[in-house]
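In what follows, chains are A, B, ... by sequence order, proteins preceding strands, each numbered from 1.
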There are 2 protein chains.
Amino acid sequence: MARKAGSHSEITGPKIRAEAQRLFARHGFAAVSMRQIAAAVGVQAGALYLYTPDKEALLVDLLKTHMDELIAAWRAISKSNDPTARLEEFVRFHIRFNLERAEAVFLSYMELRNLSPENFAVIEDLRKTYETELEAILKSGQDAGVFQLPDSKLATMAIIAMLTGVNTWFREGGRLSRDKVETIYWDMVRKAVGA
Amino acid sequence: MARKAGSHSEITGPKIRAEAQRLFARHGFAAVSMRQIAAAVGVQAGALYLYTPDKEALLVDLLKTHMDELIAAWRAISKSNDPTARLEEFVRFHIRFNLERAEAVFLSYMELRNLSPENFAVIEDLRKTYETELEAILKSGQDAGVFQLPDSKLATMAIIAMLTGVNTWFREGGRLSRDKVETIYWDMVRKAVGA
DNA sequence: AGGTTATCTGAACGTTTGTTCAATATCAAA
DNA sequence: TTTGATATTGAACAAACGTTCAGATAACCT
């Protein structure tokens, strides 16, 4: 028994990343074994090493891909020049994107401590890049006199934490639709920045 | 070699919980071995089992103790009848208490997934109890007409997420003191609830 | 001083861990 | 149809895992 019928790296590769993300998010990086991932994919543990040099690289790949896509998706929709409109875009985008990728978000916030210092620095840098996008909006609004903020850096952290928190309680088919949640959060953010 | 000089359960017991908390917070529950905890305490792994029936019980003990103390500490200071004053008390209390116990807070938000269903339910119930304390403040303010909230449940989750987020970036000796941070966050919360 | 209890060691247990690799079957191209 | 590249198995490795326990020493009580 060796190569399996219908086996292709373009199929197995993504499948490994998908199952690893699912399992890491559910049980935690350290709690999931390579054999568990392999079983979920439908291969033996040894086969995983055709796709990743080791377990940590698998995690780094997931985290980096997520952060890259997050930043790219935001830059693809960011348009408005009006600070208030741009802030609303950010609020709605962040909630929507994070809800669509709950597992990746969970990983990005939880498993940084399992990274080597070099890998940690890479992910942290991407996170900072994203945060700076929001901070730039807040500053531009402050300069234009439409926002009243005691501290733009703290406001950045506060808003991101608040928005990301939606992931911890939101359940599809619950009392409120995604769109309604976006609207309610935008209302709170708008008031908080004094716009 | 058997019992060590100066050995006492009143010393070793707390020491085990303290080191376990430190290590779990730093590396994650699954990533820390009983031998690592024992080494940090200065005993052999077998000695830990005089203090806990198993590894999960050690984690549950830490989580439950933290939640109990959080709720007790809040109820010990909660006094004001004015909704705005009470909300300010809550904001300042939450930031202060959570910064003082960063490790326990980190654990409480990260390691629930490593609990058995029964233990999970216990901790989740305590968390809900705490959240309800904030929601009651928001509702009383809304009834009194001093807060304008689109949704008191969402506002509860949003405010708690925002406040807890301070733990992810605050560093002692940084640009801002704890008191200054409390004041800035209170300003944002106050505006967000329309008070 | 002697007996009892509390505390800890150190070795052992069966499992599971991440990772490597020779052997082998399938796929794609010629 | 042959050939070479690709994809996978399954066994093996040493190390580490959570947990148990008989034996040994220190502390406490009378």
_So, OP1 or OP2 of C/dC8: does either fall under 4.0 Å of a side-chain N or O from B/His8?_
no
*Could you work out which one of C/dA25, C/dG18, D/dG18 sits closest to the side chain of A/Ala2?*
C/dA25
*Side chain of A/Tyr51 (C-beta onward), nearest among D/dA27, C/dC27, D/dA7*: D/dA7
*Residue closer to the 5' end of DNA chain D, A/Ser9 versus B/Ala30 (nearest nucleotide)*: A/Ser9
*Can you tell me the distance, in whole Å, between the CG atom of B/Leu50 and the P atom of D/dT19?*
14 Å
*asked:* I need the single residue from B/Trp74, B/Tyr185, B/Tyr130 that forms a side chain to side chain donor-acceptor pair (under 3.5 Å) with B/His94. Which is it?
replied: B/Tyr130
*Looking only at side-chain N and O atoms, does B/Lys55 come under 4.0 Å of OP1 or OP2 in D/dG18?*
yes
*In whole angstroms, how far is the P atom of C/dC27 from the CD1 atom of A/Ile11?*
11 Å
*Are B/Lys128 and B/Asp125 within salt-bridge range, i.e. N to O under 4.0 Å?*
no
*Nearest-Å distance for atom pair OH/P, residues A/Tyr49 and D/dA7*: 19 Å
*Could a donor-acceptor pair under 3.5 angstrom be found where the side chain of B/Arg3 meets the base of C/dA6?*
yes
*Would you indicate what A/Ala47 reaches in the nucleic acid, counting non-hydrogen atoms under 4.0 angstrom: base, sugar-phosphate, or nothing?*
base
*Examine D/dT25: is either OP1 or OP2 under 4.0 Å from a nitrogen or oxygen in the side chain of B/Ser7? Give yes or no.*
no
*Should B/Glu89 and B/Lys79 count as an ion pair when the cut-off is N to O under 4.0 Å?*
no
*Between the base of C/dT19 and the side chain of A/Arg35, is there a donor-acceptor distance below 3.5 Å?*
yes
*Hey, which sits more toward the 5' end of DNA chain D by its nearest nucleotide, B/Gly46 or B/Ser33?*
B/Ser33
*Using side-chain contact (heavy atoms from CB on, under 4.5 Å) as the criterion, point out the one residue from B/Asp61, B/Val41, B/Ile16, B/Leu58 that pairs with B/Tyr51.*
B/Ile16
*In whole angstrom, give the distance that lies between atom CD of A/Gln44 and atom P of C/dT16.*
15 Å
_Between B/Arg101 and B/Phe97, is the side-chain contact (heavy atoms from CB on, under 4.5 Å) condition met? List the steps._
CA-CA 6 Å; B/Arg101 318 215 179 183; B/Phe97 191 90; 3.4 Å; yes
*In whole angstrom, give the distance that lies between atom CD1 of B/Ile37 and atom P of D/dA16.*
17 Å
*Could you state the atom-to-atom distance from CG of A/Leu48 to P of C/dC21 in whole Å?*
16 Å
*Mind checking B/Val41 for me? I need base, sugar-phosphate or nothing, with any heavy atom below 4.0 Å counting as a touch.*
nothing
_First of B/Thr12 and A/Ala31 reached from the 5' end of DNA chain C, by closest nucleotide_ = B/Thr12
*Are A/Asp68 and A/Lys64 close enough for a salt bridge, meaning some N to O gap below 4.0 Å?*
yes
*Atom CD of B/Glu56 to atom P of D/dG18: distance rounded to whole Å?*
13 Å
*Does OP1 or OP2 of C/dT26 have a side-chain N or O of A/Lys4 closer than 4.0 Å?*
no
*When you get a sec, tell me which of D/dT9, D/dG18, D/dA24 is the closest nucleotide to the side chain of B/Met34?*
D/dG18
*What integer distance in Å separates B/Asp54:CG from D/dC21:P?*
15 Å
